[in-house]
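What follows is a short report on a single structure.
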Amino acid sequence: MPTFIQILEPYLPLSADIAGILVLLVALPLFVVFTLRAYDGRGPAVRRIAAYERLERVVNEAAESGRPLHVAVGTGALGAQDTPESLAGLTALDYIARRAAVWGQPVVATTGDGATLPTTQGLLRQGLEEAGFPEQYGASDLHFYGPAPLAYAAGASEAAARREAVGTLILGRVDAEGLWLAEADAGPEGLRLGGTAQPEGAALLAASLDEVVHGEEVFAVGAYLHRPSHLGSLATEDVLRALVVVAIVGGVVLASLGWLG
């Protein structure tokens with residue numbers, strides 16, 4: 001005698017597919033509308049996050065002082081479960097590289113993942129090419145110290161200290177080694193900011209950085225650095241989150257009234 005779950009099992013994948021299509025049909029128009037509004041300068045308002053506000057200022061300070069900013073994108077790998085965090089770090093690096101390249105200012109970038117290395121290299125090179133200074137790209141601007149977290153933290157700290165970085169942005173996959181990375185490479189005057197979605201690393205970074213981002217704030221970096229598509233995505237997620245809450249509350253009410261069987 002088949003169980004109730006066994007009877008429903010053939011229909012579960014179809015139900016999941018239909019649910020996915022419905023979500024896509026709702027999310028895609030919202031994303032397009034919010035992104036177009038952001039391109040027109042009418043993007044959604046976002047709450048204040050001090051770390052991202054300081055990031056914009058420290059890029060200008062680096063140009064004025066003639067000292068580079070150190071960007072640590074962590075040890076996360078592209079194509080793995082760490083991809084969202086790695087992309088957040090690369091998004092911030094892209095913004096910093098483009099801004100710094102306008103003044104011909106170098107950026108010190110460090111990564112602990114070999115698959116992320118060529119992407120990081122491409123962002124640094126692209127920023128200089130778009131600014132008209134392709135000849136200023138140097139291999140010394142990018143550092144890879146292997147996949148071992150502690151080796152990466154030690155190497156990145158040494159690179160930032162050797163280049164006398166004006167500050168450090170740590171954004172990406174960082175675990176316990178983040179404490180060493182944050183404490184060792186900035187010195188008493190260096191500004192340290194960033195964060196990670198990993199609970200172990202986030203707790204240590206919160207105690208070590210001057211300005212820190214928490215949890216989902218890591219993935220919102222593109223929206224706060226004025227990327228229209230990221231603003232559109234952030235607004236779409238907020239609307240979908242509100243719809244889910246309404247659906248849950250409505251379902252509870254209908255079930256309580258006996259209308260759902």
Side-chain angles (χ1 to χ4, degrees), residues 38 43-74 76 84-111 116 119-120 123-124 126-128 130-131 141-142 156-157 159-160 163-174 178 181-183 185-198 201-202 204-231 233-234:
V46 293
R47 64 181 177 84
R48 178 178 177 270
I49 295 182
Y52 293 144
E53 292 180 353
R54 292 285 296 274
L55 176 59
E56 294 187 59
R57 294 198 297 268
V58 77
V59 173
N60 297 330
E61 294 170 4
E64 295 172 359
S65 66
R67 297 161 56 191
L69 178 65
H70 173 215
V71 182
V73 298
E85 290 173 274
S86 298
L87 290 177
L90 293 173
T91 298
L93 174 62
D94 182 43
Y95 167 81
I96 294 170
R98 292 172 185 269
R99 290 283 299 275
V102 173
W103 299 294
Q105 179 68 26
V107 176
V108 178
T110 59
T111 178
T116 310
T119 304
T120 308
L123 293 176
L124 293 175
Q126 183 179 9
L128 289 169
E130 291 182 357
D141 295 337
L142 177 60
S157 300
R163 298 290 298 277
E164 298 181 346
V166 69
T168 292
L169 171 67
I170 304 172
L171 199 67
R173 172 60 186 260
V174 177
L181 184 61
E183 292 291 345
D185 71 353
E189 298 180 357
L191 178 66
R192 299 166 296 185
L193 45 86
T196 180
Q198 300 301 314
L204 296 174
L205 291 181
S208 306
L209 300 178
D210 299 304
E211 299 287 354
V212 65
V213 291
H214 305 277
E216 291 183 348
E217 296 176 350
V218 172
F219 309 119
V221 60
Y224 281 84
L225 297 181
H226 312 299
R227 285 194 170 190
S229 60
H230 288 223
L231 278 170
S233 175
L234 192 65

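- Between Leu55 and Leu69 the shortest side-chain heavy-atom distance falls below 4.5 Å.
- Across all their heavy atoms, Ala50 and Glu211 have their closest contact at CB-OE1, 3.4 Å.
- Of all heavy-atom pairs between Pro106 and Asp141, the closest is CB-OD1, 3.9 Å.
- Looking only at side-chain heavy atoms (C-beta outward), Arg173 and Gln198 come within less than 4.5 Å of each other.
- Listed by chain and number, the residues in a ring-ring contact (aromatic ring centres under 6.0 Å, His included) with Tyr224 are Tyr52 (sequence neighbours excluded).
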side-chain contact (heavy atoms from CB on, under 4.5 Å) between Ile96 and Leu169, intermediate numbers included: CA-CA 10 Å; Ile96 294 170; Leu169 171 67; 3.7 Å; yes
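- Of the inter-residue distances, the one linking Leu123 atom CG with Gln126 atom CD reads 6.5 Å to the nearest 0.5 angstrom.
- Distance alone, capped at 3.5 Å, is enough to place a donor-acceptor pair between the Glu217 side chain and the His214 backbone.
- In plain terms, the two heavy atoms of Asp94 and Arg98 that are nearest each other are OD1-NE, 2.8 Å.
- In this structure the side chain of Leu93 reaches within 4.5 angstrom of the side chain of Leu124, judged on heavy atoms.
- The closest side-chain heavy-atom distance from Thr196 to Leu171 is not below 4.5 Å.
- We find the CD1-CG distance between Ile49 and Leu193 to be 12.5 Å, quoted to the nearest 0.5 Å.
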Verdict with reasoning, Asp210 to Arg54, per salt bridge (charged side-chain N to carboxylate O under 4.0 Å, His left out): CA-CA 10 Å; Asp210 299 304; Arg54 292 285 296 274; 5.7 Å; no
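- Other residues, nucleotides and ligands contribute over 12 non-hydrogen atoms within 6.0 Å of the CD atom of Glu53.
- With contacts defined as side-chain heavy-atom distances shorter than 4.5 Å, the pair Val71/Tyr95 does not qualify.
- With rounding to the nearest 0.5 angstrom, the CZ atom of Arg57 is 7.5 Å from the CD atom of Glu61.
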Let me see the working for Val46 and Leu231 under side-chain contact (heavy atoms from CB on, under 4.5 Å), right down to the final yes or no. CA-CA 9 Å; Val46 293; Leu231 278 170; 4.0 Å; yes
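- The two atoms that bring Gly76 and Thr116 nearest to each other are O-OG1, 3.4 Å, heavy atoms only.
- By the 4.5 Å heavy-atom criterion applied to side chains, Ser208 and Arg192 are not counted as neighbours.
- Judged by distance alone, the side chain of Glu85 and the main-chain N or O of Ala197 form a donor-acceptor pair under 3.5 Å.
- Residues Ala182 and Leu209 approach most closely at CB-CD2, 3.7 Å, considering heavy atoms.
- At a threshold of 4.5 Å between non-hydrogen side-chain atoms, the residues Val107 and Pro68 do not count as touching.
- Side-chain atoms of Arg67 come within 3.5 Å of backbone N or O of Glu164 as a donor-acceptor pair.
- The shortest non-hydrogen separation linking Ala92 to Val221 is CB-CG2, 4.1 Å.
- Ser233 contributes no side-chain N or O that, together with a main-chain N or O of Ser229, makes up a donor-acceptor pair within less than 3.5 Å.
- For the atom pair OG1 (Thr119) and CG (Leu90), the distance works out to 6.0 Å, reported to the nearest 0.5 Å.
- Within the model, atoms CG of Leu234 and CZ of Arg227 stand 14.0 Å from one another, a figure rounded to the nearest 0.5 Å.
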What verdict does the side-chain contact (heavy atoms from CB on, under 4.5 Å) test give for His70 and Val166, after you've listed the backbone C-alpha separation in whole Å, the side-chain angles of each residue and the deciding distance to 0.1 Å? CA-CA 8 Å; His70 173 215; Val166 69; over 6 Å; no
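- Atom OG1 in Thr111 sits 7.5 Å away from atom CG in Leu142 (nearest 0.5 Å).
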